[in-house]
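Next up is a structure, given as structure tokens.
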Amino acid sequence: MNESQSSGFSRRLWLQSAALAASLPAAAWGRTPPPEADEEDEDDNDKKYQTKIETNLIGDHTLFAGLEPVVLEGVGLVRGLAGTGGDPSPSHYRSLLMEDLKKAGFRSPNAILESPNTALVVVTAYLHPWTKKGDRLDVEVRIPESANATSLVGGELMEVRLSDKAVVNGDLKKGWEYAIARGPVLTAGLAAATTTEPALLRRGRVLSGAGVKKERELSLFLKNDFRSVRNAQRIEKAIGRRFHHFDEHGIKKPLATAKTDQRLVVTVHPRYKDNLPRYVQVIRHLAFREEPVQLRVRMTRLQHDLLIPETAHSSALQLEAIGNEAIPILKKGIVAPTLECRFHSAVALAYLGDSSGLPALVESSRKERAFRVFALAAMSTLEDAEVHLALRELMDDPHDETRYGAFRALWTLDRNDRFIRGERLGVRENAENQDNEYKIHVVHSNGPPLVHVTLRTRPEIVIFGAEQEFRAPMYVSAGKNIMVTAQPGGTSVSLARFEVGKHDQRKEVSLRVADVIRAANELGATYPDILQLLADASKQKNLSTALAVDKLPAAGRVYYRPVSNATPGSKRAVKIGRDRAAPGSFPEIDDPEEAARRKEESERERKNDPSEATMANIPIESPQYDSDLENDSKPATKKSSKKGDKPKSSWSWLGGKK
């Protein structure tokens, strides 16, 4: 064999040996093979996302969508005006209304629009994410500038369909039809000096005027760096372990469903049906993945943090997200030395169905205006006889907001409670529909007498103190057809209805406010008519007690921590909740301008009334709380008043002067 043949044989032998070595498993050579790229199995990211020292929460990797209200719009017609309507000028609104009238079967839509007793209006409603099919929404109506109508007083909105809108390629397109609206219009100019503010009469509201036909979905989206089918399924299981229901076959189903690798649809748990913001917070504070040992370590840390004001809120939410296992820890929080810690612990316990924190919730409702709305909402979730009694006692509180807030909470908890059940008024036997219904509730309260009316959500009159009476002499009206009079020195009130082409109707009742309202209802008065009666009577000093309007506690108020308990370097002023994100049982104003005005008014009232300022944020040494504790909050100034002055009421939306 020559040298060249030997060289070729060696090269072939070397190549064959290399191929054989490559075919053998790596373990045969004492080495561990590198992981293949396509073998990232189900545990590829387990260690990355498992709980270590800092817990990996669902909120760290997801975002909720659809939490803001959707604006619904439509063009409608208000009828029944007393010559204050008019033919609208040619416009896009008129064309839309003409088309709707033709679809509704009206043969002469032009004649309807030309009538002085009708007015074209733009209709607006706000659909919140927690709204269910069949729920009722408030409806805002306004006369557009191009229309000639001057007033909506006494009018009734005819049926109009409301939908969302979207701009597509520069064109305004109609979206889903979510609601149908109709009902009597409550104008903004009641009891106002309409000669100086005529614009108030061109806008109004239909309380609970729209019925919801279609619900919105609550969606949870995974962030892009976390997006995968497996992670979406893991989050579905994590939510399902804490929040679930049972189907008709008794099979447990999670209240979250993964639709894609990035989107889940979340169903609201019944306990949170009136507080979607709280439900969202709890879901965001659920652990993504956690071993039992890691959970114990985290709960030990949370027990410590629950007693520190700066970390109490987050700790309480995490413990609430853990579930019933965390109740013993939360019970330690309700005996903490500061109100802030007691409050957060008691709220979490309430949403876990435990009423142990009831004393702390009552204390928070009475003493701290920033906590009030959340404490009352938490109480409204507890099916406990003691809660009913506590809410009844809160209706004796001297502050209007606390009293009506307690009424609202008890109504949410059990609207058939005998203490606040009320009577249905506005029910007409021959009416096409019952859109004129409203309620009157006479509460046997031991607190200061008060008459409370609502301008949003649902039409109702709440009379705190059953024996309240009007003062004579009195000459007021309830709508355009009913006169209400009481002679000087008289002990009764006469009501008379005068209407062209119909027989006169008369009634005589006692001076009691409730009796007069019932009699006016029997003569056909609507809710706006009753409000006009009460507003005029209050303005003329015929109503001896205060007339309060929408005295609801609000979210987003500032709580001032006591200096003695503040951690060095921490914030003393803390915002509790977000603006316009109160629980659903305490609805807030959707109109941003009006909401801002109400917030300024509320803050001004707090500064002018020291008893409404923060009173209870001082550490205590025993479970007995003194309601006369000194104020350790932001300084407040006291407004001087003369002895015997009648409490002032404010109803700017009604047009009243402060």
Side-chain angles (χ1 to χ4, degrees), residues 76-88 97 101 104-121 141 143 147-160 181-187 189-191 194 198 201-202 204-207 209 424-438 440 459 474-487 492-509 515-537:
L77 187 73
V78 172
R79 64 183 180 185
L81 303 175
T84 57
D87 188 13
L97 184 56
L101 290 174
F106 291 95
R107 296 183 178 180
S108 303
N110 273 317
I112 296 174
L113 294 181
E114 292 171 0
S115 171
N117 299 324
T118 63
L120 179 151
V121 292
V141 296
I143 300 173
N148 299 320
T150 58
S151 173
L152 296 175
V153 172
E156 180 180 2
L157 178 66
M158 297 177 62
E159 184 174 296
V160 55
R182 63 189 178 195
V185 177
L186 172 63
T187 53
L190 291 178
T194 54
L201 301 178
R202 292 171 58 88
R205 183 177 294 155
V206 183
L207 301 191
R424 289 173 58 204
L425 303 181
V427 181
R428 310 290 180 239
E429 293 181 0
N430 300 323
E432 297 177 0
N433 55 70
Q434 298 300 336
D435 296 318
N436 291 326
E437 284 190 18
Y438 55 100
I440 179 174
M474 179 170 68
Y475 303 94
V476 296
S477 60
K480 56 188 177 182
N481 297 317
I482 301 175
M483 295 299 300
V484 183
T485 60
Q487 299 303 318
S492 63
V493 175
S494 298
L495 298 93
R497 181 182 180 93
F498 305 102
E499 195 168 0
V500 177
K502 296 184 179 181
H503 294 293
D504 295 347
Q505 301 178 60
R506 298 180 183 274
K507 283 189 173 293
E508 188 162 340
V509 295
D515 290 343
V516 174
I517 291 174
R518 294 187 186 102
N521 168 70
E522 292 174 8
L523 293 178
T526 63
Y527 183 68
D529 296 339
I530 299 297
L531 289 194
Q532 181 183 353
L533 186 161
L534 293 172
D536 288 343

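Just so it is clear, the model here is predicted, and its values are computed rather than measured.
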In the structure I gave you, are the side-chain heavy atoms of T150 and I143 within less than 4.5 Å of one another anywhere?
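Answer no - side chains too far apart.
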
Atom of A519, atom of V509 and distance for their closest heavy-atom approach
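Heavy-atom minimum between the residues: CB-CG1, 3.8 Å.
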
With rounding to the nearest 0.5 Å, note down the distance linking CZ in F106 to CE in M158.
3.5 Å

Is there side-chain contact between P88 and L113, with heavy atoms separated by less than 4.5 Å?
yes

Pairwise side-chain contact, V516 with L533, heavy-atom cut-off 4.5 Å (strictly under)
yes

Tightest non-hydrogen contact, residues Q532 and G479, listed as OE1-N, 3.3 Å

Without swapping roles, check the side chain of R497 against the backbone of N481 for a donor-acceptor pair under 3.5 Å.
no

Taking all atoms of both residues into account, what is the closest heavy-atom pair of L77 and V121, and its distance?
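Here L77 and V121 meet closest at N-CG2, 4.3 Å.
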
For residues 107-120, which residue pairs pass the side-chain hydrogen bond (donor to acceptor under 3.5 Å, both in side chains) check, not counting sequence neighbours?
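Non-adjacent pairs meeting side-chain hydrogen bond (donor to acceptor under 3.5 Å, both in side chains): R94-N110.
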
If I take atom CD from residue E508 and atom OG from residue S494, how far apart are they, to the nearest 0.5 angstrom?
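Nearest 0.5 Å value for the CD-OG distance: 4.0 Å.
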
Side-chain contact, heavy-atom cut-off 4.5 Å: T187 with V185?
yes

According to salt bridge (Lys or Arg N to Asp or Glu O under 4.0 Å), who are the partners of R506, at least two apart in sequence or on a separate chain?
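With neighbours one apart ignored, the set is empty.
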
On a heavy-atom basis, which atom in A478 and which in V484 lie closest, and how many Å separate them?
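Nearest pair, atom of A478 first, then V484: CB-CG2, 4.4 Å.
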
Using side-chain contact (heavy atoms from CB on, under 4.5 Å) as the criterion, point out the one residue from V476, L523, I530 that pairs with I482.
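Of all the options given, the one that passes is L523.
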
Say you draw a straight line from CZ of R79 to CG of L157; how long is it, rounded to the nearest 0.5 Å?
9.5 Å

Do Y438 and N521 make a side-chain contact, defined as non-hydrogen atoms from C-beta onward lying under 4.5 Å apart?
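When only atoms from C-beta onward are counted, N521 and Y438 do touch, with a gap below 4.5 Å.
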
Value rounded to 0.5 Å, distance of CG in L207 from CG in L531:
7.5 Å

Apply salt bridge (Lys or Arg N to Asp or Glu O under 4.0 Å) to R202 and list each qualifying residue two or more places apart in sequence or on a separate chain.
none

Using every non-hydrogen atom in the two residues, find where Y475 and T485 come nearest and quote the distance to one decimal.
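Looking at all heavy atoms of both residues, the closest pair is CD2-CG2, 3.7 Å.
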
Specify the closest pair of heavy atoms between A486 and V493, including all atoms of both residues, with the distance to one decimal.
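Shortest heavy-atom separation between A486 and V493 comes out as CB-CG2, 4.2 Å.
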
